[in-house]
Amino acid sequence: MFLETKSLTKKFGGLFAVNSVDFSIEKGKINAIIGPNGAGKSTFFNLISGFHRPSSGAVIFKGKDITTLPSNKIAELGIARTFQTTNLFEQSTVLDNVIVGHRLRTKSNLLDAVLRTKRLKSEEKKCREKAIEVLDFVGLTHAAHKQAAGISQEEKKRVAFALALATNPEIVFLDEPAAGVNPDETEGLALLMEKMVQKGITVCLIEHKMQMIMKLADKIMVLNYGEKIAEGTPDEIKNNETVIKAYLGGSAIA
Amino acid sequence: MEILVQQLFNGLTIGSVYSLVALGLTLVYGILHIPNFAHGALYMLGGYITLTMMTSLGLHYWLAIFISILAVGLVGVLMERFVFHPLRDSPPIHDKIAAIGILLFLEAFAQFVWGADYRTMPTPYDQVIHIFGITFTLQRMLIIVSAVAVMILLYLFLKKTFIGSTIIAMSQNREGANLVGVNTNKVAMMTFMISGGLAAIACSLAAPINLVFPGMGQLVILKAFVIIILGGMGSIPGAIIGGYILGFSESLGATYISNDYKDIIAFVLLVIILSVKPKGLFAKEGH
Amino acid sequence: MAAIFKQRNIITGLVLLSLVFPFITQNEYYLHIMTLSFIWMIGVYGLNLLAGYTGYLSLAHAGFFAIGAYSLGILTVKAQLNFWLAFILACLITSFLGFLIGLIALRTKEHFFAIYTLCVGYIIYLVIDKWESLTEGVRGLIGIPAPSNIGPISFQTALSQYYLVLVILLLVILIVYRIVHSLTGRTYIAIRNSEDLAQTIGISTMKNKLTVFVLSTFFAGLAGALYASFVRFIGPDIGSTAITFDLLTYLLVGGLGTLSGPIIGTILIVWVSQQLQFLQDYRMLIFGPVLTLLIIFYPRGIVGAFTGWKHKYEDKRSKNKDIPNDSLVKSKKQVKEG
């Protein structure tokens, strides 16, 4: 198994945000998590990426228990994630913003910086090259030298992808990657996700745009009130009674 | 035993003042998430305005306090309008620096207008009373009674009036309040008005048993921060209880530990709290 | 034309100016003021690394400044240590205390961090004020020696002290410059932008923040030790929050998170304060509102406002010329701002 959760549970106060979820992510596929607002999707991401400690249960990545690792250690293992909103350093260029993404694969420290050692110089070169490479991959070469403050919403999404890719991940978790962009741009981002999979990077995303998910995903999990209510291919999900009920009975489909 | 009772009474007096100051601070924090470092300067300003009204215009103590409440409340509103409102979308570090700027200005302003000397505020209630073996001035009794009265009034205002309930609604959920049609601008101004007014009352009550000087707000505001971290940032009952806890700790600490270091008690308390619970006592785990 | 205003050139220009300054004026008082300004700048650079680049507003910096100053004072006056040994120890003691305090303080964030450090600063001040057997309390510590000779170089005159402080300041600037323009500096800026994001791209935020905090207190202690040996008399007031607010004003006016901001802000404010001597205690009547207005309208101070203006100007020009997209290669030579 590539990455799986075993009865993963998170309680806030007395409420279950995520309740005993078993989910396995398939390598080299696009996995999606859907569900009504407040279903616990983001919390589920936060548990896997180490932002919250689960109340119980486990997260296993390539046979290794990563449940209690801090998020930076999880990133080092090859698990990257994006946020719904990415705070960029607006006064700096896009390229400058992405360079730091490869920092976790470097070793130079404060002393290297003060003494300008060879190690620092070669690592800076390495990070810069990596940043140029991933910006090219996400199709932002033209914007590399723009100020981050001046780029569009869609370009910001791509920068977030680039930043995640710069960490050399094996799997990327994308939190609503297409929120706030228009349908054409959504199409472009979907293509980008497919391109990531072709490159051998597993994708797992949370999304509200149903059409996009049904077309894109290989496997879908549906959460409702923190519990997994269904899991399967898009076709299976479309015809699942419980899912239909949850969506019609609860909040509207976004 | 008598010393203990006397110190408990003193603690109640100091605690009342602390609670009032902390209430103003916690209201503003609850609504706008601003740690208002300038709150101590509002406190100081309240003291000077009351003093000036009494000495220069010869007004009665209560009338002077009333004018002081209005004036400091107005300063609070102006602060919200001209400083914190424009900064509402800025990084949090900006609010703090802006507040520090206001604090520095108001202290310099007080020194400029009223001088750096320590002044005493007269009070019509300086009679000394002996009851149950303890000795106190009527003013101290007045502090406790007035503070409790103000707290009850504030409670009624927040619970029973429409504008009060909008303040509560907004402190619980700003966006939600906005959606259901609460005028967030008005609520923010109102909160600053009340916050300033509370500071003015607190200082006007406490000034007769202390002294009035430009730096008088510095220690008080630091302690008020300790209190609201103790009681939970934004929590109203927390501010009241925290205020009295600190008041008692200080008056007992001054007697039984060291008078020299009594001011340090609050800070040591805070350092310990934040060392153990970095988000303060009663912090909820967020999503 | 725009090249003249690059931060690096501004700094080079100011360095040259400060090197020849003593030859321009024979006025000892001006020399004294400049030396003091340099000392403040060192402290401001420390504050800038932490608040400007990493996003943590510490209000305890006057406390660390005072720890540096008192360590030097006590070690030389009371323990009769060799000056330079005491000097190094003073910096180390400050950094060590910084390390211990940072270890706990940095678990808190934003408002809590500011309030926490404000309280820590106040505790430091109170301890210095009350611990009379060690610090002499309000009487202050008198008779701190000037720096002792290093080989043939003596530091007894005002001129030699001026150059000593200047050299140390230049070293500090060089260190900060190199840190800011390195992967390490990018790491700090990433933490300032979003700690969560930094953490997800694999940065150990706690380790990095602690490093900055310790370095920042080291600079504060260094400035304090220099101050003690230069002024030769210290009282508890140097640890008061007023000093922290002064440092903060210098930084804010110059430009939070900019490289030349600490120099420009400090020089400007110290100089203006000299001109406004008649205002003395009331100078905050002016600087208080300046601080508030700056943070509303020019949150990155004079330097930030200037670079912003410069960027707009360059954008306009590049749009007019419509430069083709070959800038990927060229950019390697560009000096980053930040």
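Labels below follow one simple rule: chain letters A, B, ... track the order of the sequence lines, proteins then strands, and each chain is numbered from 1.
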Within a reach of under 6.0 Å around [atom1] of [X], are more than 12 heavy atoms found that belong to other residues, nucleotides or ligands?
X        : atom1 : value
A:Lys156 : NZ    : yes
A:Lys195 : NZ    : yes
C:Phe96  : CZ    : no
A:Lys73  : NZ    : no
C:Tyr298 : OH    : no

Looking only at non-hydrogen atoms, find the nearest pair between A:Ala75 and C:Gln199 and report the distance.
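What the structure gives for the nearest pair is CB-O, 4.5 Å.
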Of the backbone (N, CA, C, O) and the side chain (C-beta and beyond), which part of [X] lies under 4.5 Å from a heavy atom of chain C, both, or neither?
X       : value
A:Ile74 : neither
A:Leu88 : backbone
A:Thr82 : neither

Interatomic distance, [X] atom [atom1] to [Y] atom [atom2] [nearest 0.5 angstrom]:
X        : Y        : atom1 : atom2 : value
C:Ser182 : A:Leu115 : OG    : CG    : 11.0 Å
A:His102 : C:Arg186 : NE2   : CZ    : 13.5 Å
C:Thr205 : A:Asn72  : OG1   : CG    : 6.5 Å

Find out whether [X] and [Y] are in side-chain contact, i.e. whether some heavy atom of one side chain is under 4.5 Å from a heavy atom of the other.
X        : Y        : answer
A:Asn97  : C:Asn193 : yes
A:Leu110 : C:Val212 : no
A:Arg103 : C:Leu183 : yes

If we define contacts as heavy-atom pairs under 4.5 Å, which of A:Leu120, A:Thr167, A:Val100 has the most with chain C?
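Going by pairs under 4.5 Å, I would pick A:Val100.
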Between A:Arg81, A:Glu76, A:Arg116, A:Glu90, who has the most heavy-atom pairs with chain C when the cutoff is under 4.5 Å?
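Most pairs with chain C among the choices: A:Arg116.
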From C:Leu215, C:Val176, C:Thr184, C:Ile175, residue fulfilling side chain to side chain contact (heavy atoms under 4.5 Å, CB included) relative to A:Val114
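Among C:Leu215, C:Val176, C:Thr184, C:Ile175, the one that satisfies the side chain to side chain contact (heavy atoms under 4.5 Å, CB included) with A:Val114 is C:Ile175.
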Could you check which of C:Asn208, C:Leu174, C:Thr200 has the highest count of heavy-atom pairs closer than 4.5 Å to chain A?
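The answer is C:Thr200.
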Would you mind telling me which of C:Thr187, C:Thr211, C:Leu197, C:Asp196 has the largest number of heavy-atom pairs within less than 4.5 Å of chain A?
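Winner by heavy-atom pair count: C:Asp196.
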